[in-house]
There are 2 protein chains.
Amino acid sequence: MPYSSEHKQNSREKILQSAYRLFSTKGFDNVTIDRVMQDCSLTRGAFYGHFRSKSELYKEALKFAASTSKLADIKPEGLSSREWLSVLLDGYLSLEHVYGERPCPLAFLATDIVSRDKETHKTYARGYTRMNQLILDYAGRDTVKNAQDIFSLTSMIIGAVAVSRTLGDQQQVQQILSSCRQQARLMLGGI
Amino acid sequence: MPYSSEHKQNSREKILQSAYRLFSTKGFDNVTIDRVMQDCSLTRGAFYGHFRSKSELYKEALKFAASTSKLADIKPEGLSSREWLSVLLDGYLSLEHVYGERPCPLAFLATDIVSRDKETHKTYARGYTRMNQLILDYAGRDTVKNAQDIFSLTSMIIGAVAVSRTLGDQQQVQQILSSCRQQARLMLGGI
DNA sequence: GTCTATATTGGGATAGAC
DNA sequence: GTCTATCCCAATATAGAC
């Protein structure tokens, strides 16, 4: 009896899960297909049944990350938009995020993306636009006079997380994150 | 007659110049020693007379970039500290910087650094600390109540440049940079 | 769909001539 | 100090058995 297509779908998702985790923490060149497949307990031969190349995997992992990010979650019933945004920002600007396993690829792959192909750039750009869009929606268009004001906020939180990850000194990282949490609230008119 | 040690010093600097440009635009893995040496019109064999390994080259290029950055320049006589800071920020948050040949490695290598060795991390961290220090000095300690407030500013400008580089849409990049220039002035109490 | 074996390439590093 | 030739490993991708 052949494997079901559902089973294949499952394998695909496991591969994406592993790929996302590995790519975002190590970057394209420091992840091998072998490593990804080991990570999800499959073998390399199986890989080519799901993806044509490593580049395609990278791109799909990026999409996958965007669709499963906390930002894409539905707002919990009990919270107002701005309370929920506050929760999201605190999560983003936290040690758990900086050192965690499911980081935001916008921050973790910011400079890695440049060497990838055009399609991947577009995928990244879509994710970035989406992030701005979501934050703008939660903040409310009345709070943010100009849609473009959001850009400085997202630049800041992405930059903070990207830089923090490279710094050894956790004390300093805490200061950076804390400084940005405070500044983010100011930018959003105090929430 | 043997080559002078001055000649060797010159070669070293040319190598660093090329390495800095190539590494910061392409990242560690997408630059080969061959490419660097070609770029400065030397051959690969000569490389090992100057550096022990590619990693060492990367680290030295990072130091070199820090020591020759515009931020490290002496303030021109005619300008006040805050005017000079204003010039520096506008230069940092400009299209020329984002698409130029001598970019800030703090932004361009933010996520590339993570995969490097400990010594390289330290070099990056020193550069980051130095950037904060310099901006704080120019801004004046009276303007910035808390030294840590600078962190949100540097996160923002580094993040903006890092993200901008990956986006194809120049219109959008302009908006991001402009949004950050405006926000930077607000953060520094209007300059 | 999964696995093993293998072809192939790219690039870091070394040795030795000049 | 610089160059050429060479070794060698790591990793992508393919072919074919099961």
Side-chain angles (χ1 to χ4, degrees), chain A residues 1-62 112-117 119-120, chain B residues 1-62 109 112-113 115-117 119-120:
Chain A
M1 194 159 88
Y3 287 96
S4 67
S5 84
E6 185 188 343
H7 180 263
K8 178 164 184 181
Q9 191 54 35
N10 258 336
S11 294
R12 185 188 153 91
E13 198 146 312
K14 283 197 320 195
I15 296 172
L16 285 173
Q17 194 81 253
S18 296
Y20 162 34
R21 194 176 64 79
L22 290 168
F23 278 135
S24 54
T25 50
K26 298 174 192 296
F28 186 84
D29 292 300
N30 298 294
V31 173
T32 64
I33 294 179
D34 228 12
R35 186 72 191 77
V36 171
M37 297 307 273
Q38 274 169 31
D39 192 80
C40 58
S41 309
L42 294 169
T43 54
R44 182 150 83 211
F47 173 79
Y48 294 92
H50 293 279
F51 305 96
R52 270 197 307 276
S53 67
K54 187 181 175 183
S55 306
E56 186 179 316
L57 174 64
Y58 187 92
K59 199 183 67 193
E60 292 302 320
L62 205 55
D112 197 59
I113 293 286
V114 181
S115 311
R116 307 281 76 77
D117 59 27
E119 276 310 303
T120 306
Chain B
M1 193 160 90
Y3 287 97
S4 67
S5 83
E6 185 189 342
H7 180 262
K8 177 164 185 182
Q9 190 54 36
N10 259 338
S11 294
R12 185 188 154 90
E13 200 146 310
K14 283 198 318 194
I15 297 172
L16 285 174
Q17 194 83 251
S18 296
Y20 161 35
R21 195 176 64 79
L22 290 168
F23 277 136
S24 54
T25 50
K26 298 174 193 298
F28 186 84
D29 292 299
N30 299 295
V31 172
T32 64
I33 294 179
D34 229 12
R35 186 74 190 75
V36 171
M37 297 306 276
Q38 273 170 33
D39 192 81
C40 58
S41 308
L42 293 169
T43 55
R44 184 150 84 205
F47 173 79
Y48 293 93
H50 293 277
F51 305 96
R52 271 197 307 276
S53 67
K54 187 180 176 184
S55 306
E56 185 179 315
L57 174 63
Y58 187 91
K59 199 182 67 193
E60 293 302 320
L62 205 56
L109 298 176
D112 196 59
I113 292 287
S115 312
R116 308 280 77 76
D117 60 26
E119 275 310 303
T120 306

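Values in this document were obtained by computation on a predicted structure and should not be read as measured data. Letters go in sequence order (proteins before strands), and every chain restarts at 1.
Counting to the nearest Å, the P atom of dT14(D) and the NE2 atom of His50(A) are 16 Å from each other. As rounded to whole Å, 12 Å separates atom P of dG12(C) from atom CD of Gln38(B). In this structure, Asp29(B) places its CG atom 9 Å from P of dG12(C), rounding to the nearest Å. Rounded to an integer number of Å, the gap from Asp34(A) CG to dC9(D) C1' is 15 Å. The separation between Phe47(B) atom CZ and dG11(C) atom C1' is 13 Å, rounded to whole Å. Atom OH in Tyr58(A) sits about 17 Å away from atom C1' in dT12(D), given to the nearest Å. Rounded to whole Å, atom P of dG12(C) lies 17 Å from atom CZ of Arg52(B). What separates CZ of Arg44(B) from P of dG16(C) is a distance of 17 Å, to the nearest Å.
Among the heavy atoms of the strands lying under 4.0 Å from Thr32(A) are primed sugar atoms or P, OP1, OP2 only; no base atom is included.
With contacts defined as side-chain heavy-atom distances shorter than 4.5 Å, the pair Met37(B)/Leu42(B) qualifies. In this structure the side chain of Asp117(B) reaches within 4.5 angstrom of the side chain of Thr120(B), judged on heavy atoms. Side-chain contact between Phe51(A) and Leu16(A) is present, with heavy atoms from C-beta onward closer than 4.5 Å. Side-chain contact between Leu62(B) and Leu109(B) is present, with heavy atoms from C-beta onward closer than 4.5 Å.
Regarding contacts with the backbone of dT12(D), every side-chain N or O of Ser55(A) stays at 4.0 angstrom or more from both OP1 and OP2. Here Tyr48(A) reaches the OP1 or OP2 of dA13(D): one of its side-chain N or O atoms lies under 4.0 Å away.
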Evaluate side chain to side chain contact (heavy atoms under 4.5 Å, CB included) for Phe23(B) paired with Asp112(B), printing each intermediate quantity in order. CA-CA 10 Å; Phe23(B) 277 136; Asp112(B) 196 59; 6.0 Å; no

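Taking CD1 from Ile33(B) and CG from Leu57(B), the interatomic distance works out to 7.0 Å, rounded to the nearest 0.5 Å.
The aromatic rings of Phe28(B) and Tyr58(B) sit perpendicular to each other, their planes meeting at more than 60°, with 30° as the lower class boundary.
Taking the nucleotide of DNA chain D with the nearest heavy atom to each of Ile33(A) and Ser11(B), the more 5' of the two is matched to Ser11(B).
Relative to the side chain of Lys54(B), the nucleotides dA13(D), dA13(C), dT2(C) differ in distance, and dA13(C) lies closest.
DNA chain D lies under 4.0 Å from no heavy atom of any residue of residues 20-28 of chain B.
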